[in-house]
Amino acid sequence: MPPPPHRDLRNLVHKLGANARPSQQKTALATIAGLVCDPENLVAIANAGAIPPLVRLMGHGSPADVQRDAAGTLGVLAASRENAAKIAAAGAIPPLVQVLRSGASIEAQEAAAGALSNLARSAENAVAIAAAGGIPPLMQLIASRSPARAQATATGALAALARIPEIAGTVAAAGAVPPLVQLLGAGPPEMVQSNAAMVLMHLAWVAEIATTIAAAGAIPPLVQLLLGPGSEAKSFASLH
């Protein structure tokens, strides 16, 4: 979907503002969420000033669908490295962690996890996410009876964080290893298994954590992943 003319895009972003009616905000948010599906629109939308109001719309008291769409739109915008820096500078990380921790719906929490995953591609942002308390709520999504898609998103975010050596110890200290090992077993979809194996791969670069991973019983399910039919999970299991 091509972006509207610059002036129309500015008007659309204006309707996300605090002075707009809730119905206007929802309509504008839905339109922008559609526009970000085209990668060519990402920089134009950010340059039109969409990021600050999107951050505000994640705040406490926003309806579940608004939190979900605001976090999801920020997550897609964060696929651009330039936008990711702007999103972090706009103060998005603490409210994203808050939605992840106590969002109005599991879909909002999943969207926040996805946004944090994209932001964590920057080492500076990853450190900020860990400092804001992002690891425990990601663990809750993994350890709870969350839908598989939410577990896949949360494990993907943890993988992005765990690749930073100074964060790996925090992830392990949060009790990540046992539930991650459990996700390697039969039952979870392939994407969940792949992401769990990837987190363990990053953690295993720290010798002490590698010992913990082995003691948690990770080796048999990793071997099973290697011996199973061709899958993405095998490529990560083979690195342990």
Side-chain angles (χ1 to χ4, degrees), residues 12-22 24-33 35-36 42-43 45-142 144 146 149-150 153-158 160-161 164 167 170-171 174:
L12 188 62
V13 169
H14 181 71
K15 292 178 181 177
L16 293 176
N19 294 328
R21 295 192 302 271
Q24 290 179 313
Q25 291 175 335
K26 283 192 174 186
T27 300
L29 181 56
T31 303
I32 291 175
L35 289 171
V36 297
L42 299 184
V43 173
I45 290 170
N47 288 342
I51 291 172
L54 286 171
V55 172
R56 187 189 59 79
L57 286 172
M58 291 189 299
H60 179 72
S62 290
D65 58 340
V66 171
Q67 283 189 340
R68 176 199 65 206
D69 291 348
T73 301
L74 284 170
V76 178
L77 287 172
S80 156
R81 185 172 299 180
E82 178 183 348
N83 284 348
K86 291 180 179 179
I87 291 168
I93 289 175
L96 279 168
V97 170
Q98 183 59 36
V99 173
L100 178 65
R101 181 182 296 116
S102 56
S105 69
I106 188 67
E107 291 79 13
Q109 291 174 307
E110 178 189 338
L116 291 169
S117 182
N118 280 347
L119 288 171
R121 294 174 183 174
S122 155
E124 182 178 357
N125 288 344
V127 171
I129 291 166
I135 293 172
L138 286 172
M139 290 302 311
Q140 288 181 340
L141 276 184
I142 291 172
S144 68
S146 301
R149 197 169 77 170
T153 305
T155 49
L158 269 182
L161 293 170
I164 309 299
I167 299 178
T170 305
V171 173

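Atoms CG and CD1, from L77 and I87 in turn, are 5.0 Å apart once rounded to the nearest 0.5 Å. Note that the CG atom of L138 and the CZ atom of R101 stand 10.5 Å from one another [nearest 0.5 Å]. With rounding to the nearest 0.5 angstrom, the CG atom of L116 is 4.5 Å from the CD1 atom of I129. Interatomic distance, CG of N83 versus CG of N47, reported as 7.5 Å (0.5 Å rounding). We find the CD-CD distance between E107 and Q67 to be 11.5 Å, quoted to the nearest 0.5 Å. Rounding to the nearest 0.5 Å gives a distance of 10.5 Å between CE of M58 and OG1 of T73.
Minimum interatomic distance between A157 and A113 (heavy atoms only, all atoms of both residues): CB-O, 3.7 Å. Nearest approach of A70 to L57, heavy atoms of both residues: CB-CB, 4.0 Å. Of all the heavy atoms in V97 and A132, the pair that sits closest is CG1-O, 3.5 Å. Closest approach of A126 and L161 over heavy atoms only: O-CD2, 3.5 Å. Taking all atoms of both residues into account, the shortest heavy-atom contact from A108 to V99 is O-CG1, 3.5 Å. Here the shortest heavy-atom pairing between L96 and A71 reads CD2-CB, 4.0 Å.
At least one side-chain heavy atom of L141 sits under 4.5 Å from a side-chain heavy atom of I106. Between I32 and V13, the closest side-chain pair of non-hydrogen atoms falls below 4.5 Å. Looking only at side-chain heavy atoms (C-beta outward), S102 and Q98 come within less than 4.5 Å of each other. Side-chain contact check for E124 versus V127: every heavy-atom pair is 4.5 Å or farther apart. Residues E82 and V43 meet the side-chain proximity criterion, which asks for heavy atoms closer than 4.5 Å.
For the pair T31 (side chain) and T27 (backbone), a donor-acceptor distance under 3.5 Å is present. Between the side chain of Q25 and the backbone N or O of G17 there is at least one donor-acceptor pair closer than 3.5 Å. Side chain of R121 to backbone of A78: no donor-acceptor contact under 3.5 angstrom is found.
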- Message: Applying side-chain contact (heavy atoms from CB on, under 4.5 Å) to V76 and N118, what does each step give before you reach the verdict?
- Response: CA-CA 8 Å; V76 178; N118 280 347; over 6 Å; no
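A salt bridge is defined here as a Lys NZ or Arg NE, NH1 or NH2 lying under 4.0 Å from an Asp or Glu carboxylate O, and D65 with K26 meets this definition.
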